[in-house]
Amino acid sequence: MLSPDRSLTAVPQAPGSPTTAPAPWTDVSSAGTPTASASPGSSASDTRVARYSGFRPEVQGLRAVAVLLVVIYHVFMGRVSGGVDIFLLISAFFMTLSFVRRIEGGRPLGLVRYWLHTFKRLLPLATVIILGTLALVAFVFPRTDVAEFRSQGVASILYVENWALAAEQVDYYAADHSTASPFQHFWSLSVQGQVFLVWPLIFALAWWWRRRTGRSCVPVLAGCFGLVFVASLAFSVVTTASRQEFAYFDTRARLWEFALGSLLALAVPYLRVGRGLGCCWAGPGS
C-alpha cells in the first residue's frame, strides 16, 4: 500500500515581500509561502506537526498481519479474509498523517503533485502486469472470453475494475472460480485509487479552514470523516443485506474503512500503545 508522505519545502521569499497563501493544489515549486517557523505561533504549529510524526511499529505489524490473512485464506483455505480491509484502512491512516502534517505546518498541499506522484508509482507496474496478463489470456482462454477480459484490463488501468465487476454481478464469494476474471483482484486497487482522488479534496477543505481561522484542522477533518464513516457503514449494512455481490465491489460501501483509518490517524496523539506491544509488532532489535 502507498504511504504518501513526501515532505515539501517552502520557497523562501525576498525580505519585505508580502506573504500569500497559495491554493491547496499549488505545487511548492511555484508557491511563495514562508515556512511554518517564520510565521507567528510557529512553536504551537511545530508541536502539532510533531504529534503526527514518527515511526508506527504497531501499524507496520498490522500490515504484516494483513499479508498473512490474505495468504492463508486465499491460498490455503480458498476463502475471503479481512486482510484487504486492513490494507485499505492503513492506506488512509498514512495518507491522513501526511496531509495533517502539511496543513498544521502551514505548507501548501500540492494536490496536483501528490496525485501525479501517487499514480506515477502505481500505474507503471500495474500496466506491465495487465499487458502481460492480456498476452497470456490470448493464448489460454477461448476467443469468446478474450474480448471481455480485454475490457476488464482497460477497466483495471482506469481504476474502475470494481464497478465493472459489480455491473457484471460477479460473486466474489462463489465457490467455483473457474470462470473468474484474471483481473478480478484489481478491484481493491481500483477502490484505493478512487479514494486517493477524493480524500485530498477533504484535506483541501481543512486546509482552507486552517488558513481562514488559524485554528487546527483536526476538528474539521474529524467531523468530515466521522460523517463519511457513519453514512458509508449504514449504506454498507443495508446494501449487503439486499445485494451482497454488488456491495462487495461498491466503493461507497468501502469508504467507512478508509474513514476509520483516517479517524485513527487523527487520534494518534491521544493513543498510547504499550511498549511491550510495540516491541512485539516491530520485532526484536528493530
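Because the structure is a prediction, the values reported are computed rather than measured.
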Using every non-hydrogen atom in the two residues, find where [X] and [Y] come nearest and quote the distance to one decimal.
{"X": "Leu264", "Y": "Leu89", "value": "CD1-CD2, 4.2 Å"}
{"X": "Ile130", "Y": "Gly153", "value": "CG2-O, 3.8 Å"}
{"X": "Ser188", "Y": "Leu88", "value": "O-CD2, 4.2 Å"}
{"X": "Ser216", "Y": "Pro219", "value": "O-CD, 3.4 Å"}
{"X": "Ala247", "Y": "Thr239", "value": "CB-CG2, 3.6 Å"}

Could you give the distance from [atom1] ([X]) to [atom2] ([Y]), rounded to the nearest 0.5 Å?
{"X": "Ile90", "Y": "Phe94", "atom1": "CD1", "atom2": "CZ", "result": "6.5 Å"}
{"X": "Phe141", "Y": "Leu134", "atom1": "CZ", "atom2": "CG", "result": "11.0 Å"}
{"X": "Phe119", "Y": "Leu122", "atom1": "CZ", "atom2": "CG", "result": "6.5 Å"}
{"X": "Asp85", "Y": "Phe258", "atom1": "CG", "atom2": "CZ", "result": "9.5 Å"}
{"X": "Leu205", "Y": "Cys217", "atom1": "CG", "atom2": "SG", "result": "10.5 Å"}
{"X": "Gln184", "Y": "Asn162", "atom1": "CD", "atom2": "CG", "result": "12.0 Å"}

Discussion item. Could you walk me through whether Trp199 and Ser262 satisfy the side chain to side chain contact (heavy atoms under 4.5 Å, CB included) test, starting with their C-alpha distance in whole Å, then the side-chain angles of each, then the deciding distance to 0.1 Å, before giving a yes or no?
Written reply: CA-CA 10 Å; Trp199 244 230; Ser262 293; 2.8 Å; yes
Item to complete: Could I get the full list of salt bridge (charged side-chain N to carboxylate O under 4.0 Å, His left out) partners for Glu257, not counting sequence neighbours?
Response: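 Partners of Glu257 by the salt bridge (charged side-chain N to carboxylate O under 4.0 Å, His left out) criterion, ordered by chain and then number, come out as Arg254.
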Worksheet item: Can you name the one residue among Phe186, Phe246, Trp187 that meets side chain to side chain contact (heavy atoms under 4.5 Å, CB included) with Leu165?
Response: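 So the option named by the test is Trp187.
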Do [X] and [Y] share a hydrophobic cluster (ILVMFWY, side-chain heavy atoms under 4.5 Å, transitive)?
{"X": "Ile129", "Y": "Val140", "value": "yes"}
{"X": "Leu125", "Y": "Phe196", "value": "yes"}
{"X": "Phe203", "Y": "Leu197", "value": "yes"}

Does some side-chain heavy atom of [Y] sit less than 4.5 Å from a side-chain heavy atom of [X]?
{"X": "Pro108", "Y": "Arg102", "answer": "no"}
{"X": "Gln194", "Y": "Trp163", "answer": "yes"}
{"X": "Gln192", "Y": "Leu189", "answer": "yes"}

Worksheet item: With ring centroids as reference points, do Tyr114 and Phe99 lie under 6.0 angstrom apart?
Response: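 Aromatic pair counts; centres sit under 6.0 Å.
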Practice prompt. Could you tell me whether Phe149 and Phe183 have their ring centroids closer than 6.0 angstrom?
Written response: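 No.
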Practice prompt. Check whether any side-chain N or O of Arg210 sits under 3.5 Å from a backbone N or O of Gly214 as a donor-acceptor pair, and report yes or no.
Written response: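 Yes, the answer is positive, given that a donor and an acceptor are paired below the 3.5 Å cut-off.
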Discussion item. With side-chain hydrogen bond (donor to acceptor under 3.5 Å, both in side chains) as the rule and sequence neighbours excluded, what pairs involving residues 151-161 come up?
Written reply: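 Of all non-adjacent pairs touching residues 151-161, those that pass side-chain hydrogen bond (donor to acceptor under 3.5 Å, both in side chains) are Gln152-Glu168, Gln152-Ser181.
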Worksheet item: With Val198, which residues qualify under side chain to side chain contact (heavy atoms under 4.5 Å, CB included), at least two apart?
Response: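 Checked Val198 against side chain to side chain contact (heavy atoms under 4.5 Å, CB included); zero matches.
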Worksheet item: Partners of Leu158 by side chain to side chain contact (heavy atoms under 4.5 Å, CB included), sequence neighbours excluded?
Response: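 Here the qualifying residues are Val154, Val160.
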Discussion item. Can you pull out every salt bridge (Lys or Arg N to Asp or Glu O under 4.0 Å) where at least one residue sits in residues 225-238? Sequence neighbours excluded, please.
Written reply: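 Found none.
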For residues 220-237, run the donor-acceptor check on the side chains, cut-off 3.5 Å, and write out each pair with its distance to 0.1 Å, sequence neighbours left out.
unit_1 : atom_1 : unit_2 : atom_2 : d
Ser232 : OG     : Arg252 : O      : 2.6
Ser232 : OG     : Leu255 : N      : 3.3
Ser232 : OG     : Trp256 : N      : 2.9

